[in-house]
Chemist: 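There's a structure below that I have some questions on.
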Amino acid sequence: MIPLKVILLGPPGAGKGTQAARLSDALGIPRVSSGDLFRDHQRRNTEMGQLARSYMGRGVLVPDDVTIRMVMDWIDREAGSGGFLLDGFPRTEAQAATLDAAMEESGGIDKAIYIKVSKDELVTRLSDRLVCTDCQMPHSGRDPDTAGSCTRCGGKLYQREDDKPEAVEKRIQVYMEETAPLVEHYREAGILEEVEGERSVEEVGRDLTALISLT
Ligand code: AP5
Ligand code: MG
């Protein structure tokens, strides 16, 4: 398969993390979630982790300079020339501009896929989400297969601090103000695809796989 550079766009709770893990496992594309990288720094109590915690707990974005450096380092280190799947980055015009410029030489981003989900559904999903302590795979607390441990690696599940109701509202608001404009950014660039996210994980996954395989 030709190396692909794909962005998953969408509001908090749209299913970016769920689908990125499935696609990466199935297609062998390296993936990164900027939120997962920050949570990993927090767990290791690094300086970046302490800084990120002060923003993430409030549901607001971590400053661009820190985020851009962290994700671009990951791309250089982990993706090389092999393509990648980005989940949760870019989230601002400055992040998108930096990524566009960095990828120009290698032909640019191939696709930005926007997963659409209504606000009511986002709030419901986030309020009962549980995340794996080890691999960060998200699970629905309503899923009968989830009995306190990760269905992917067996790790212990926990509730994210920013899935409490006040932070969820704030995250959705921040998404509308700062990240939603990127849908137009990628539409204008001619690489936007849209997927209806309010269907089963399997149905959404099938559409995403088809879009990526067609690239
Ligand atoms: P991040 O970790 O990226 O959180 P987010 O964008 O708020 O997205 P979520 O992880 O909440 O949602 P998701 O789309 O991954 O949904 P999921 O698959 O889990 O960011 C956290 C914070 O880090 C930010 O607020 C910010 O502070 C900071 N940050 C991160 N990136 C940054 C950046 N670039 N710049 C600045 N700051 C940054 O699914 C949600 C739930 O729904 C799960 O329970 C899942 O099981 C369930 N579900 C998934 N799909 C379906 C389906 N089809 N049907 C039913 N349920 C489903
Ligand atoms: Mg996520």
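In listed order, ligands and their atoms are each counted from 1. Here the structure is a predicted model, which is why all the values come from computation and not from measurement.
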Chemist: Check residues 12-22 and write down every donor-acceptor pair under 3.5 Å in which the side-chain atom is one partner and the other belongs to a residue at least two apart or another chain.
Modeler:
| residue | atom | partner | partner atom | Å |
| --- | --- | --- | --- | --- |
| K16 | NZ | G10 | O | 3.2 |
| K16 | NZ | P11 | O | 3.1 |
| Q19 | NE2 | V201 | O | 3.0 |

Chemist: Using 0.5 Å steps for rounding, measure from the CZ atom of R58 to the NZ atom of K170.
Modeler: 8.5 Å
Chemist: Applying salt bridge (Lys or Arg N to Asp or Glu O under 4.0 Å), name anything that partners R91, two or more places apart in sequence or on another chain.
Modeler: none
Chemist: Does CD belonging to E196 count more than 12 external heavy atoms closer than 6.0 Å?
Modeler: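 More than 12 within 6.0 Å, yes.
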Chemist: Considering only heavy atoms, which protein residues lie less than 4.0 Å from any atom of ligand 1?
Modeler: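 Protein residues near ligand 1 are P11, P12, G13, A14, G15, K16, G17, T18, S34, G35, F38, R39, M56, V60, L61, V62, T67, G88, F89, R91, Q95, R125, L126, R129, P138, H139, S140, R160, D162, R171, G197, R199, S200, V201.
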Chemist: R125: what forms a salt bridge (Lys or Arg N to Asp or Glu O under 4.0 Å) with it, not counting sequence neighbours?
Modeler: E121
Chemist: Would E177 and Q173 count as having a side-chain donor-acceptor pair, cut-off 3.5 Å?
Modeler: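 A donor-acceptor contact under 3.5 Å links the two side chains.
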